[in-house]
Q: 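Pasting a structure below so you can have a look.
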Amino acid sequence: MELLFATRNAHKATEVRALFAGTDVILKTLDDAGIDVDPPETGDTFVHNALEKAHYVYTLTGLPCIADDSGIEVDALGGAPGVHSKRFSPAETAEANNTLLLKKLDGVKDRSARFRCVLAIVGIGEDATLDGRCEGTIAHSISGTAGFGYDPLFLPTEAPGRSMAQLSMDEKNTISHRGRAFSKLPAFLKSRT
Ligand code: ITT
């Protein structure tokens, strides 16, 4: 089955491609399809934004579409940055976002956090969402160079002593919010075809 992945984030696309390599789920990104749009995300929840992105591209193309809305929730910040993870700092770069997060947690003891991902599927029967999460804590400094975004600051509970940015892509996909949400996709597709 071919699905159009409504993302402009090359890191997400690389991770998800690795998950489906050698399977019959064929993913095309917007770039692959030559579609030059940036799907809107105007809501306050991952579910709203994931469905909004998938709908936007489905309306343009009529092709079955999926979209991922994801982010990091920090308990001591009341769940922020959450859906605003990408635009947490004014500069909107990973480096500036991580610096701001460290600043906001300066002197804070409770550093518990989680990554969340909602995967929306539009155009295969009723709209649907699948989700995944990964629990951990925010480190006191960055480490590692793999991955993207907040990975260098995130210490997954399931990978003691390493940040998400110190895991291989396969290791990240096994425990990550995105890996968990997308690993539910084959069974979902089977149930709809
Ligand atoms: P698309 O909407 O085009 O898919 P995006 O980067 O705008 O790409 P989101 O709105 O879902 O995606 O925001 C995701 C942000 O959350 C991302 O930019 C990172 O800051 C953070 N994030 C999500 N997943 C992450 C991961 O696996 N590792 C590190 N940071 C992540």
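Numbering of residues begins at 1 and proceeds along the displayed sequence.
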Q: Taking 4.0 angstrom as the limit, do D131 and K184 come out as a salt bridge?
A: yes

Q: So, are E171 and R162 salt-bridged, with charged N and O less than 4.0 Å apart?
A: yes

Q: Decide side chain to side chain contact (heavy atoms under 4.5 Å, CB included) for F5 and C65; before the verdict, give the C-alpha distance in whole Å, the side-chain angles of both, and the deciding distance to 0.1 Å.
A: CA-CA 6 Å; F5 187 11; C65 286; over 6 Å; no

Q: Are V74 and L153 linked, directly or through other ILVMFWY residues, by side chains that come within less than 4.5 angstrom of each other?
A: yes

Q: State plainly whether the residues D151 and K172 are in salt-bridge range, i.e. N to O under 4.0 Å.
A: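 Between K172 and D151 there is a salt bridge, with a charged N closer than 4.0 Å to a carboxylate O.
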
Q: Hey, what do you get for CG (L100) to CG (L105), rounding to the nearest 0.5 Å?
A: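 The CG atom of L100 sits 9.5 Å away from the CG atom of L105.
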
Q: Side-chain polar contacts of residues 34-48 - donor-acceptor pairs under 3.5 angstrom, sequence neighbours left out - could you list them?
A:
residue	atom	partner	partner atom	Å
T42	OG1	E52	OE1	3.2
T42	OG1	E52	OE2	2.8
T45	OG1	H48	N	3.0

Q: In plain terms, say whether K28 and E2 are close enough for a salt bridge, that is, a side-chain N and a carboxylate O under 4.0 Å apart.
A: yes

Q: Could you tell me the separation between the NE2 atom of H55 and the CG atom of L60, rounded to the nearest 0.5 Å?
A: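 Interatomic distance, H55 NE2 to L60 CG, rounded to 0.5 Å: 13.0 Å.
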
Q: Side chains of T7 and N9: donor-acceptor distance under 3.5 Å anywhere?
A: no

Q: For the residue pair D31 and T29, confirm or rule out a side-chain donor-acceptor distance under 3.5 Å.
A: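 No.
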
Q: Do the charged groups of D69 and R116 touch, with an N to O distance under 4.0 Å?
A: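 Salt bridge: no.
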
Q: Between E158 and R180, is there a salt bridge with N-O shorter than 4.0 Å?
A: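 Looking at R180 and E158, the cut-off is met.
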
Q: What do the steps show when you test M169 against T14 for side chain to side chain contact (heavy atoms under 4.5 Å, CB included), and what is the final call?
A: CA-CA 9 Å; M169 187 155 50; T14 303; 4.0 Å; yes

Q: If we ignore hydrogens and angles and just use 3.5 Å, is the side chain of S163 paired with the main-chain N or O of F154 as donor and acceptor?
A: no

Q: Are K53 and D68 ion-paired here, with the side-chain N under 4.0 Å from a carboxylate O?
A: no

Q: Between R111 (side chain only) and A139 (backbone N and O only), is there a donor and an acceptor less than 3.5 Å apart?
A: yes

Q: Can you hop from Y150 to I175 via hydrophobic side chains spaced under 4.5 Å?
A: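 Yes, same cluster.
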
Q: Given side chain to side chain contact (heavy atoms under 4.5 Å, CB included), test F20 with L185 step by step and report yes or no.
A: CA-CA 10 Å; F20 293 112; L185 187 59; 3.9 Å; yes

Q: Taking atom CG of N98 and atom CZ of F88, what is their separation to the nearest 0.5 Å?
A: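 If we round to the nearest 0.5 Å, N98:CG and F88:CZ are 9.5 Å apart.
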
Q: Parallel, tilted or perpendicular, judged at 30° and 60°: which one describes the rings of F148 and H11?
A: parallel

Q: May I ask you to test the P64-Y58 pair for a side-chain heavy-atom distance under 4.5 Å?
A: no

Q: Give, for atom CZ of F182 and atom CD1 of I66, the distance between the pair rounded to the nearest 0.5 Å.
A: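 The distance works out to 4.5 Å.
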
Q: Hey, are the side chains of L189 and L3 touching, using non-hydrogen atoms and a 4.5 Å cut-off?
A: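 Heavy-atom side-chain distance check passes, below 4.5 Å.
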
Q: May I ask you to decide if the ring planes of H177 and F115 are parallel, tilted or perpendicular, using 30° and 60° as cut-offs?
A: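 Taking F115 first and then H177, their aromatic rings lie parallel (interplane angle under 30°).
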
Q: When you look at K103 and T99, which way does the side chain to side chain contact (heavy atoms under 4.5 Å, CB included) test go after all the steps?
A: CA-CA 6 Å; K103 196 170 155 209; T99 301; 5.7 Å; no

Q: Under the 3.5 angstrom rule, does the side chain of R192 hit a backbone N or O of I124 as a donor-acceptor pair?
A: yes

Q: Side-chain heavy atoms nearer than 4.5 Å, only ILVMFWY residues, links allowed to pass through others: does that put I121 and V16 together?
A: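 The answer is yes; both residues are in one hydrophobic cluster.
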
